[in-house]
Amino acid sequence: MTNPFSAIYQDTINLQKEIAKKVVTNDNILLKKQINYVCGVDVSYKKDIAYCSAVIIKKRSLKSIQYVNTIYPVTQPYIPGLFMLREAAPIIDTLKLLKSPYDALLIDGHGQLHPRRCGLACYLGVVLDKPTIGIAKSLLCGVQRKDQFIEIEGEILGFRITKESKQGSLCEHWAQIEFTISNST
DNA sequence: GCGACAG
DNA sequence: ATCTTGTCGC
């Protein structure tokens, strides 16, 4: 590519395809291993500054164990499908600051529910080798079935949780964690 | 070609 | 994501 910008994007697309192959979808990891501590992370923006926060909580008590806040200059634009280009690096750097251990990661973005089966959550999960759940507030691709599962090309890759959702199915392992679903219709 | 499009 | 007025639903 002669255009340096499209080259970066193409490199990221290729990386996503490789990372997608390494995603472990077998939930035995989550089913067999006790998940006692969970880490949640998110990034907000003001002008061209990114504010990243990560917090570890004890799942059973929801008590906060440790949190870290970081600030970075924004280096990449937001491009649907290439979200990891914008948030992966700041998140990884922020998570490195945590001293307390955690068993699972909660990410504000899609996981396998992605055009190349590699959303931000998949990328982080593979790179950090940590059980990860992608939690997005709106759909990037795929279709929602009446039973709330979301599928792409006939493959079930996600599940929609609303405030009306009852525990069970995919939610049961996380039923003790109460989410606040915003911007959800 | 046109529209849709995580945060 | 952020900004930001009016509007719909409980």
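Here CE of A/M84 is found 10.5 Å from CD of A/Q76. Values are rounded to the nearest 0.5 Å.
Shown for residues 79-87 of chain A: residues whose heavy atoms fall under 4.0 angstrom of DNA chain B, namely A/P80, A/G81, A/L82, A/F83.
A/L139 comes within contact range of the sugar-phosphate backbone alone, with a heavy-atom separation under 4.0 Å but no base atom that close.
The shortest distance between side-chain heavy atoms of A/F83 and A/H110 does not fall below 4.5 Å. Contact check for A/I13 versus A/R116: side-chain heavy atoms found under the 4.5 Å cut-off. Under the 4.5 Å side-chain criterion, counting only non-hydrogen atoms from C-beta, A/L15 is in contact with A/Y123. Taking the side chain as every heavy atom from C-beta outward, A/L113 and A/I152 approach each other to under 4.5 Å. Residues A/Q66 and A/V55 have side chains not in contact (no heavy-atom distance under 4.5 Å, counting atoms from C-beta outward).
By the ring-ring contact (aromatic ring centres under 6.0 Å, His included) test, A/Y51 pairs with no residue at all, sequence neighbours left out. Listed by chain and number, the residues in a side chain to side chain contact (heavy atoms under 4.5 Å, CB included) with A/P77 are A/Y9, A/I79 (sequence neighbours excluded).
Chain A approaches DNA chain B within less than 4.0 angstrom (heavy atoms of the protein), and the contacting nucleotides run 5' to 3' from B/dC5 to B/dG7.
Remark: A/D147 CG is packed, more than 12 non-hydrogen atoms of other residues, nucleotides or ligands lying under 6.0 Å away.
Inspection of the A/Q148 and A/R160 side chains reveals no N or O donor paired with an N or O acceptor under 3.5 Å.
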For nucleotides 2-5 of chain C, print each protein N/O atom paired with a nucleotide N/O atom at under 3.5 Å, atom names and distance only.
from, atom 1, to, atom 2, distance (Å)
C/dT2, OP1, A/Y45, N, 3.4

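The two residues A/C122 and A/G111 make their nearest non-hydrogen contact at SG-C, 3.1 Å.
Stems are defined here as 3 or more consecutive Watson-Crick or G-U wobble pairs with pairing distances under 3.5 Å; none involve DNA chain C.
Put simply, the side chain of A/T94 never gets that close to the backbone of A/I92: no donor and acceptor are under 3.5 Å apart.
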